[in-house]
Amino acid sequence: MSYRGPKGTYDVYPGGGQGQEPHERPELWAWAESVARDFFRRYNYTEVRLPVFEEARLFIRSVGEASDIVRKEMFVFHDKGGRELSLRPEGTAGVVRSYVEHGLYKLAQPVKMWYFGPMFRHERQQKGRYRQHVQIGAEVIGSADPLVDVEVISLLYNIHQALGVRDEIVYLNNLGDLETRRRFVPELRGYLKKHESELDPDSVSRIETNPLRTFDSKNANTQALLAEAPRIGDFLSEEAKGYFEAVKEGLAVVGVPYAIDERLVRGLDYYTLTVFEAKSTALGAQDTVGGGGRYNGLVQELGGPEMPGIGFGSGVERILLAANAPDEVPKLDVFFITLAPEARLPAFSLASVLRSSGLSCDLDYADRSAKGQFKQADRGGARYAVVIGDEELADGVCSVRDMTTGEQRAVSIVEGPWELIKALGV
RNA sequence: GUGAUCGUAGCUCAGUAGGCAGAGCAUCGGGUUGUGGUCCCGAAGGUCGCGGGUUCGAGCCCCGUCGGUCACCCCA
C-alpha cells in the first residue's frame, strides 16, 4: 500500500457499512450534525466557524501550562513568518479569543454560540480516541446565572439522548471560585506530601503542578488515600455552595439525571465552579462522551473584560460509538435505466430536470447490462426505475417501474418531462 | 510517551509440519438478445503491510520498521 492516512486519523467514506465503524459512515455524520443543529436552533445558539489553528500561546495561556494537553498533546508548527501556531486541541480557547477580538461583550449578553469541527491532539490512539476528532461544542459567555449552567448541561444531555447514546450518566461537581481554590489547594498538597511514598509516580509529579488532578488517578492505592483526603466540598464558599445548589435544583426541574462526583476535576485549568462530564458505559476506557464547565476568569485572562462563561465539548465519534445507530439506507427517488446508446442523452436530460424539481436521481455510468442496471437501482433504494430503450424511444415514452410493487407503465415524454414528473408525484 | 496484541482479495476471515495463495460476502457477467430484491453458473480481484535475514524453498521462523487494535496516561 503506497499511501495511508496519517496515524491516528480515520476516513468517512462510502461503503454501505461493510467493515466500517459507525464514525466512518457518512450518513451517520449527516444525521448527527442535523440533529445537533436543530437543538441549537431551538435553544437559540449561533453557529461560529473558527480557524482550526491558532497561536500556540492562546492554548498555553487558556488550557494551562501544566495541563497534559499543552505539555504533550499539541500539534505545534511554525509558519514561514516564524509564528508559533498549533492545531486546536479544544474549542473553547478559540471561541473566547474570537469573542474578545470582535468585542462581542458589547452585544446583548449573554452571547450563545456553538461549533462543529475537528480538534487535534497528538496522542496514542485507542477505542474512541483519535489524533483528529470532531467535537460538537457550545459556549455561553456573559452570564453568571446558574440557569445558564443548567441550560448548557441539559443541551448536552438532550443532544446525546436524541442521538441514542446508551447508558449515559452525567457527573457533576463544583470546583469553587478562585478563593475556594486558594484555600483548598495548599490543604490538599499538604495531605499528598505527607503520603507521597504511597502515591503512584504520576500523582507524585502532580503534587506541585496540579494537585487537583490526582483525583483522576485510576491507581487503587492513590484512590484509597484520596478517600481520606480533604474534600473540596468542605471548602466551598457560601456563594459557591448556593450556586451549586441552584444548578442541581435546575437540573432536577428540567429532568436531567445526574450524579455528584466530588473527584471530578477535569484536565483544563480554566474551570471554576460548575464542572460536568457525560459518560457512557457503552464505550471502552475512553468513556467520556462529552464534558465541560464554567470558566469565569478566562475572558479576562485572554484580554477581555471580566465576563463569566461556560461551555461543553462533545466527541462525535464517541457519540456515534455509544449510540444506537439507525440503519437507514439512503433512498434514491429515481434510477434511470438506459437500454440503447441513443437513450442515454434523453435519460440524462430527464434526470437533470428531475433534480431541479427536487427529486434525487441517478443513472448508470458503468455500461452495465439491463440486469446490472436494475440491481444498481435496487442497491440505491430507488423508489422508481425509469426505463428508456428502443421501444420507448420509438413510442416517445419511458417505462416507469415501481420498485416496490413491480408495476410498470408507460409515460409520455413527447411533451417534455412534465408527464413524468406528474407520474412520480412530486 | 509506555506495554500487550494483530497486519493474507473491497469487507470478514481460513491457511495444516516451511513446499503451486483459499472461502464467504461484496463487485462484474451469464442463466432471462430489455427487468432488481430469491436461486444457479462463471469471471475478475493479491508486491500475504514494508525492508532485511535464515533456508534448496518463507504468508508461516528471526530482526527491524510502519500501521491497526486494546490498555496505561489523559481526555472528547
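Naming: A, B, ... by sequence-line order, numbering from 1 per chain.
- Other residues, nucleotides and ligands contribute at most 12 non-hydrogen atoms within 6.0 Å of the CG atom of A/D367.
- The minimum heavy-atom distance linking A/Y384 with A/D402 is given by the pair CD2-CA, 4.0 Å.
- Counting to the nearest Å, the C1' atom of B/G37 and the CZ atom of A/R383 are 17 Å from each other.
- Counting non-hydrogen atoms under 4.0 angstrom, A/G137 reaches nothing in the nucleic acid.
- Nucleic acid contact class of A/G5 (heavy atoms, under 4.0 Å, all strands): none.
- Spacing between B/C60 and B/C50 at atom P, rounded to whole Å, works out to 11 Å.
- Nucleic acid contact for A/E90: none, since no nucleic acid atom lies under 4.0 Å from a heavy atom of the residue.
- If you take atom C1' in B/A9 and the same atom in B/C62, they sit 28 Å apart, rounded to whole Å.
- Among the heavy atoms of the strands lying under 4.0 Å from A/G284 are primed sugar atoms or P, OP1, OP2 only; no base atom is included.
- Ring-plane geometry between A/F120 and A/F75 is classed as perpendicular, the angle between the planes exceeding 60 degrees on a 0 to 90 degree scale with a lower cut at 30.
- Nucleotide B/A14 forms no Watson-Crick or G-U wobble pair with any nucleotide shown, as no partner meets the under 3.5 Å limit on both distances.
- Taking only distance into account, the side chain of A/Q126 never meets the base of B/C75 through a donor-acceptor pair shorter than 3.5 Å.
- For A/G19 and A/T405, each mapped to the nucleotide of RNA chain B holding its nearest heavy atom, the one lying further toward the 5' end belongs to A/G19.
- In this structure, CG of A/D364 is placed 12 Å from C1' of B/C28, rounded to the nearest angstrom.
- Residue side chain A/R129 does not reach the base of B/C70 through any donor-acceptor N/O pair under 3.5 Å, judged by distance alone.
- Within the 4.0 angstrom heavy-atom criterion, base atoms lie near A/V387.
- For the pair A/F120 CZ and B/C75 P, the computed distance is 20 Å after rounding to whole Å.
- Using Watson-Crick or G-U wobble geometry with both donor-acceptor distances under 3.5 Å, B/C70 finds its partner in B/G3.
- The listed nucleotides are B/C72, B/C28, B/G36; the one nearest the side chain of A/Q286 is B/C72.
- Judged by distance alone, with hydrogens and angles left aside, A/K7 brings no side-chain donor or acceptor close enough to the base of B/G68 to form a pair under 3.5 Å.
- A/S412 and A/E419 form no side-chain donor-acceptor contact under 3.5 Å, judged by distance and modelled atom types alone.
- Nearest-nucleotide mapping onto RNA chain B: of A/Y13 and A/D402, the residue sitting toward the 5' end is A/Y13.
- A/R368 has no side-chain polar atom (N or O) that falls below the 4.0 Å cut-off from OP1 or OP2 of B/U35.
- Atom C1' of B/C72 sits at a distance of 31 Å from the matching atom of B/U8, rounded to the whole Å.
- For A/L283 and B/U69, the CG to P distance is 15 Å, given to the nearest whole Å.
- Between the P atom of B/G10 and the CG atom of A/D11 lies a distance of 16 Å, rounded to the nearest Å.
- Without hydrogens or angle criteria, A/S352 side chain to A/F348 main chain gives no donor-acceptor distance under 3.5 Å.
- Residue-to-nucleotide contacts include a donor-acceptor pair under 3.5 Å from the side chain of A/K371 to the base of B/G31.
- Between the C1' atom of B/G68 and the NE2 atom of A/H23 lies a distance of 12 Å, rounded to the nearest Å.
- The shortest distance between the side-chain N/O atoms of A/R266 and the OP1/OP2 oxygens of B/A76 is below 4.0 Å.
- Side-chain atoms of A/D378 stay outside donor-acceptor range of the base of B/G37, with no qualifying N/O pair under 3.5 Å.
- Listed nucleotides: B/C28, B/A76, B/G1. Nearest to the side chain of A/H133: B/A76.
- You'll find a donor-acceptor pair under 3.5 Å spanning the side chain of A/E392 and the base of B/G34, going by distance alone.
- With distances taken from any side-chain atom of A/R213 to the nucleotides B/G34, B/G3, B/C75, the minimum falls on B/C75.
- Ring orientation note: the planes of A/W29 and A/F116 are nearly perpendicular, at an angle over 60° on the 30°/60° scale.
- If you check every strand for non-hydrogen atoms under 4.0 Å, A/R401 touches a base.
- Contact annotation for A/G389: base contact, defined as any heavy-atom pair under 4.0 Å involving a base atom.
- Here B/C66 presents its P atom at 12 Å from CZ of A/R131, a figure rounded to the nearest Å.
- Under 3.5 Å, the side chains of A/S360 and A/D333 contain a donor-acceptor pair of N or O atoms.
- Remark: B/C20 base-pairs with no nucleotide in the shown strands. Criterion, Watson-Crick or G-U wobble with two distances under 3.5 Å.
- Ring-plane geometry between A/Y45 and A/Y43 is classed as perpendicular, the angle between the planes exceeding 60 degrees on a 0 to 90 degree scale with a lower cut at 30.
- Summarising the base pairing, B/G45 is matched to no nucleotide, lacking a Watson-Crick or G-U wobble pair whose two defining distances lie under 3.5 Å.
- In this model, a donor atom of one side chain and an acceptor atom of the other lie less than 3.5 Å apart for A/E317 and A/Y10.
- The residue A/T404 sits close to a base: some heavy atom pair falls under 4.0 Å.
- The side chain of A/Y130 has B/U69 as its nearest neighbour among B/C75, B/U69, B/C70.
- Among the protein residues, A/S369 comes within range of the sugar-phosphate backbone only, with heavy atoms under 4.0 Å from sugar or phosphate atoms but none that close to a base.
- Atom NZ in A/K375 sits roughly 8 Å away from atom P in B/A26 (whole-Å rounding).
- One P atom belongs to B/G29, the other to B/G36, and the distance between them is 12 Å to the nearest Å.
- Contact check, A/Q18 against B/U12: no side-chain N or O comes under 4.0 Å of OP1 or OP2.
- In this structure, B/G34 makes no Watson-Crick or G-U wobble pair, since no nucleotide meets both defining distances under 3.5 angstrom.
- Looking at A/S203, its side chain never comes within 3.5 Å of a backbone N or O of A/T214 through a donor-acceptor pair.
- Comparing B/U27, B/G67, B/C75 against the side chain of A/R4 picks out B/G67 as the nearest.
- Nucleotides B/G67 and B/A23, compared at atom P, are 33 Å apart to the nearest Å.
- Across all strands, A/Q20 comes closer than 4.0 Å to no nucleic acid atom at all (heavy-atom distances).
- In this structure B/C50 sits in a base pair with B/G64, meeting the Watson-Crick or G-U test at under 3.5 Å.
- Pairing partner, B/U55: none, since no Watson-Crick or wobble contact has both distances short of 3.5 Å.
- No hydrogens or angles were tested; on distance alone, a donor-acceptor pair under 3.5 Å links the side chain of A/Q408 to the base of B/U35.
- Between B/G36, B/G34, B/C73, one nucleotide has an atom nearer to the side chain of A/K72 than all others, and that is B/C73.
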